[in-house]
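Take a look at the structure below.
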2 protein chains.
Amino acid sequence: MSSALAPEALTTGPGPSAGRRPEKTEAILDAAGHLFREHGYGAVSMDQIAREAGVSKATVYAHFESKDRLFAAMIHGACRAYAEGLMPAATEMEDVRAALTRICREIERFLLAPKTLGIYRVIMAEGPRFPELVQSFIEAGPLPFRKMLAEFFEAANRRGALKVPNPQLAAHQLVWLVRGPLYLERMLNLKQPLWDEQSVDEVVAGAVDMFMKGYAPDARD
Amino acid sequence: MSSALAPEALTTGPGPSAGRRPEKTEAILDAAGHLFREHGYGAVSMDQIAREAGVSKATVYAHFESKDRLFAAMIHGACRAYAEGLMPAATEMEDVRAALTRICREIERFLLAPKTLGIYRVIMAEGPRFPELVQSFIEAGPLPFRKMLAEFFEAANRRGALKVPNPQLAAHQLVWLVRGPLYLERMLNLKQPLWDEQSVDEVVAGAVDMFMKGYAPDARD
DNA sequence: GTCTATATTGTGATAGAC
DNA sequence: GTCTATCACAATATAGAC
């Protein structure tokens, strides 16, 4: 279904990769990624991308059929990084609290990193114009991560280490207990602390505490 | 400091409001708001705005100095609506759980409404280009709302109805426990349920439950 | 202030030499 | 495939009549 977004289909050209230099392809993708994440889709021109990549604009068009396709390819690459950069294999765990803490730190490290936030920014801004891209983004990023978390909770349920009635909802809750308090601040990259800044440690500890109190097996309900 | 963003300063013209028809000003603002929220800043042209407002492009420029200023004025108007649309005066409360539930429903009703999400989308996308605007947006919207919530928690602390050590953090947590599970789905307005859809009732109930378990005064810690 | 018609710049995309 | 030079068009902004 998303064959139009397969990595090979994102570059142009008659033959398989007839003579195109992969180093330039990557340079263009890097420049596009950097600029799109930083300034958004509409504010970046193909000239800027070409200049930042150190090639001519015609070369950009030799590698990517259009600005749209270049954008799609950039998002696609970011999704691969998304899938690889997460998943800390927290399945093996000494005790639940420690595992949750590690997961929360991973959430902060990756989901609140400037690069990730840049992707989210541009995807949310341009989403309406690229519906299939949104689909493949969700399927490559948020969806498998939530699934992994839900499976972690289910395993903990079976072990009696947690008591989570709705693992899907709990996955959302844990993610946003960490992400939420830092989200706007970093999404809008506010330099001066606009409100009383919440430190990462406070946020992570608060999230783990609240999650444990909510889903510890000995909680009364 | 934000005098450049005072409402009077956002329209152009020599005299106070020399002959400008307020109805047209509002029509232009409405059209701009609708289109910017729907399609983003870069994808909307002044011609479209003029057409949707039922005036000529020159008239738009008679009311607003530039596209940037029109955008700023639109955001400013949305901030006033933000401040007015929230604040359900939940200070008077029978019992805490009911008050929290009402607050959570209000969060869902307003913070996840298409209009609000559109503002967030465009602010996050264009934020880097409009730093002062981001500042005034935060000060008019999220900041006072968080403050109100924190004060609510402090009052509940004094009454012994809750035990909230960090009201600021707790405000973030409550907001995102409701907002998070529905956020991406609505921000990217996915029609087909991509993952197992969380119903609003589930989300609100889950948020209140978790918050109460975390901050009920009889909780052991 | 409001309109029609226009000036001007920037940008996505291409032609043609090497 | 890669470059320089260029086209075609769309969009911001304005001139001038009423």
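Letters A, B, ... mirror the listed sequences (proteins, then strands); counts begin at 1.
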Protein heavy-atom contacts under 4.0 Å, written 5' to 3' over nucleotides 11-18 of chain C as B (base), S (sugar-phosphate only) or - (none), form the string SBBBB---

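In this structure, A:Phe211 has its ring center under 6.0 Å from that of A:Phe153. Within the 6.0 Å centre-distance limit, the rings of B:Phe137 and B:Tyr120 are counted as a close aromatic pair.
Residues passing the side-chain contact (heavy atoms from CB on, under 4.5 Å) test with A:Ala125 are B:Ala125, sequence neighbours excluded. Every side-chain contact (heavy atoms from CB on, under 4.5 Å) that B:Glu26 has, sequence neighbours left out, goes to B:Asp30. In this structure, the side-chain contact (heavy atoms from CB on, under 4.5 Å) partners of B:Arg51, at least two apart in sequence or on a different chain, are B:Asp47, B:Gln48. Take A:Asn166 and apply the side-chain contact (heavy atoms from CB on, under 4.5 Å) test, not counting sequence neighbours, and it matches A:Gln168, A:Leu169, B:Gln198, B:Glu202.
A side-chain donor-acceptor contact under 3.5 Å links B:Asp68 and B:Tyr41.
Following rounding to the nearest Å, B:Arg129 (CZ) and D:dT12 (P) show an atom-to-atom distance of 11 Å. Between the C1' atom of C:dT2 and the CZ atom of B:Phe64 lies a distance of 15 Å, rounded to the nearest Å. Rounding to whole angstrom units, CZ of residue B:Arg51 and P of D:dT12 are separated by 12 Å. Regarding B:Leu35, its CG atom lies at a distance of 13 Å from the P atom of D:dA11, rounded to whole Å.
For DNA chain C, runs of at least 3 consecutive pairs of the Watson-Crick or G-U wobble type, with both hydrogen-bonding distances under 3.5 angstrom, map to C:1-18 with D:1-18.
Formation of a donor-acceptor pair under 3.5 Å by the A:Arg121 side chain with backbone atoms of A:Met187 is found in this model.
Here B:Thr59 reaches the OP1 or OP2 of C:dC3: one of its side-chain N or O atoms lies under 4.0 Å away.
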